[in-house]
Amino acid sequence: MNKNKIKTNAKRAAYQQKKEQEGRKVINWIFVVLVLLGLAYAIYSMLILG
């Protein structure tokens with residue numbers, strides 16, 4: 001019984017770590033997209049005012 005509990009905890013920890021890494025990738029992509037949109041808006045507004 002104890003071995004099953006250890007295996008379950010190990011699987012749970014591995015799953016949690018995998019999801020955490022995937023979440024970080026998503027957050028990084030969102031940040032990159034927001035920065036790119038900000039740069040595009042800055043260039044667009046400079047062209048309109050220029």
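- Looking at Lys25 and Glu22, no side-chain N of the basic residue comes within less than 4.0 Å of a carboxylate O on the acidic one, giving no salt bridge.
- A distance of 7.0 Å separates CD of Glu20 from CD of Gln16, quoted to the nearest 0.5 Å.
- In this structure, CG in Asn4 is found 11.0 Å from CG in Asn9, a value given to the nearest 0.5 Å.
- One finds the NZ atom of Lys5 at 10.0 Å from the CZ atom of Arg12 (value rounded to the nearest 0.5 Å).
- Tyr41 and Val33 fall into different hydrophobic clusters, where Ile, Leu, Val, Met, Phe, Trp and Tyr are joined by side-chain heavy atoms under 4.5 Å apart, directly or via other members.
- Leu36 and Tyr44 fall into different hydrophobic clusters, where Ile, Leu, Val, Met, Phe, Trp and Tyr are joined by side-chain heavy atoms under 4.5 Å apart, directly or via other members.
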